[in-house]
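Data block below; observations after.
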Amino acid sequence: MPLRPFDPAAVSLPLDLAAVPLPITSASGERWSKGLGDRCPAVRELLSRGVAPPFAVTGCTIFLVSSHFDITGGVYWREQVTYHRPVRLGETLSIGGRVEQVYVHDGRRYQVMTSRTVGEDGTRVATSRSTGLGKYRRDEGIDRERGGGAGHVRDLIGDDDSVAAGVGEKSIGNRQGGGGRAGDVARGVDKVHVVLAPLVSERRGAGGDDGEG
């Protein structure tokens with residue numbers, strides 16, 4: 001059955017999204033290793049130990065939403081992730097979450113979504129907070145500003161995971177997309193916070209109200 005399009009103007013918030021499975025297969029590990037070649041030694045080290053690299057669960061919120069709705073034409077704008085523990089190759093994860101907020105900024109309609117990824121043993125693997133656009137082009141038929149929006153930039157992972165750094169936590173702000181510390185969770189750092197934001201947001205001035213992309 002075709003997925004119905006996601007219409008942020010028509011949803012009742014918060015909108016809970018039923019959990020979906022995400023297998024992290026050994027075959028995926030083999031493809032990643034082959035694709036990397038001799039690059040990214042930290043990632044290749046993890047794969048050699050049977051541990052999936054963090055990017056395996058970076059886009060979980062978008063994966064969850066796209067499992068429920070047709071988001072063709074949407075734009076993946078910003079994601080803030082906390083990695084709680086390593087993921088073993090061959091493990092099947094479960095991702096559940098919700099659409100938390102819809103707001104308008106500069107003539108564009110944004111959606112803020114959260115997800116919680118757990119392992120087969122029920123322990124948390126990752127929690128994330130993502131921002132997406134229904135479409136990039138401005139919609140002249142909506143108010144230029146409506147519903148707020150700066151909060152999603154600052155309140156990184158939400159109430160259940162404070163971003164205040166403490167013992168056993170590491171915060172990494174990476175505004176252009178990759179993380180260079182792939183082995184931190186596997187080496188015993190309890191939590192790793194990563195902020196991802198596409199470069200286009202800074203170039204086009206279409207980010208949150210704080211002017212940071």
Side-chain angles (χ1 to χ4, degrees), residues 3 17 19-68 70-72 74-97 113-132 156-157 161 163 165 168-202 213:
L3 296 174
L17 302 175
V20 296
L22 176 63
I24 306 297
T25 65
S26 298
S28 297
E30 293 171 2
R31 288 195 299 271
W32 294 327
S33 182
K34 183 177 180 179
L36 289 170
D38 60 358
R39 299 179 296 274
C40 302
V43 173
R44 289 188 286 111
E45 176 192 352
L46 291 179
L47 292 172
S48 70
R49 295 161 51 189
V51 177
F55 62 69
V57 293
T58 296
C60 282
T61 307
I62 303 303
F63 177 80
L64 172 65
V65 175
S66 65
S67 297
H68 290 276
D70 179 0
I71 58 173
T72 303
V75 180
Y76 172 58
W77 206 252
R78 176 182 283 113
E79 179 150 7
Q80 300 149 335
V81 188
T82 296
Y83 303 105
H84 296 276
R85 70 159 176 83
V87 177
R88 304 295 303 181
L89 295 175
E91 187 172 5
T92 297
L93 308 178
S94 177
I95 309 165
M113 302 154 285
T114 58
S115 69
R116 177 185 174 99
T117 303
V118 300
E120 294 175 349
D121 58 359
T123 61
R124 286 189 301 180
V125 170
T127 45
S128 62
R129 185 173 178 89
S130 307
T131 303
L156 294 185
I157 305 301
D161 291 294
V163 298
E169 298 188 10
K170 178 172 293 190
S171 296
I172 304 172
N174 186 327
R175 300 197 53 79
Q176 308 306 336
R181 310 182 189 185
D184 282 332
V185 173
R187 286 193 288 267
V189 177
D190 293 338
K191 293 182 182 179
V192 179
H193 304 294
V194 181
V195 180
L196 307 175
L199 181 60
V200 67
S201 65
E202 297 183 4

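Index from 1, following the sequence.
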Run the side chain to side chain donor-acceptor pair (under 3.5 Å) check on Arg85 and Thr123 step by step: do they pass?
CA-CA 9 Å; Arg85 70 159 176 83; Thr123 61; 2.7 Å; yes
Among Gln80, Arg78, Met113, the one residue meeting side-chain contact (heavy atoms from CB on, under 4.5 Å) with Arg129:
Gln80
Before giving the answer on side chain to side chain contact (heavy atoms under 4.5 Å, CB included), spell out for Val118 and Leu93 the whole-Å C-alpha distance, their side-chain angles and the decisive distance to 0.1 Å.
CA-CA 6 Å; Val118 300; Leu93 308 178; over 6 Å; no
With heavy-atom distances below 4.5 Å as the criterion, would you say the side chains of [X] and [Y] are in contact?
X     : Y     : value
Pro21 : Ser94 : no
His68 : Val20 : yes
Thr61 : Glu79 : yes

Excluding sequence neighbours, so at least two apart, what forms side-chain contact (heavy atoms from CB on, under 4.5 Å) with Glu30?
none
Could you grab the distance from atom CG of Leu89 to atom CD1 of Ile24, nearest 0.5 Å is fine?
8.5 Å
Measure the CG-CD distance between Leu22 and Glu91 for me, rounded to the nearest 0.5 Å.
10.0 Å
With distance as the sole test, does [X] use its side chain to make a donor-acceptor pair with the main-chain N or O of [Y] at under 3.5 Å?
X      : Y     : answer
Thr58  : Pro54 : yes
Ser66  : Ile62 : yes
Arg44  : Arg39 : yes
Glu120 : Thr92 : yes
Ser67  : Phe63 : yes

Between Thr127 and Thr117, does the side chain to side chain contact (heavy atoms under 4.5 Å, CB included) criterion hold? Intermediate values first, please.
CA-CA 6 Å; Thr127 45; Thr117 303; over 6 Å; no
Salt bridge (charged side-chain N to carboxylate O under 4.0 Å, His left out) filter on Asp38, not counting sequence neighbours, yields none
Those residues that, when tested against Phe55, pass ring-ring contact (aromatic ring centres under 6.0 Å, His included) (two or more places apart):
Trp32
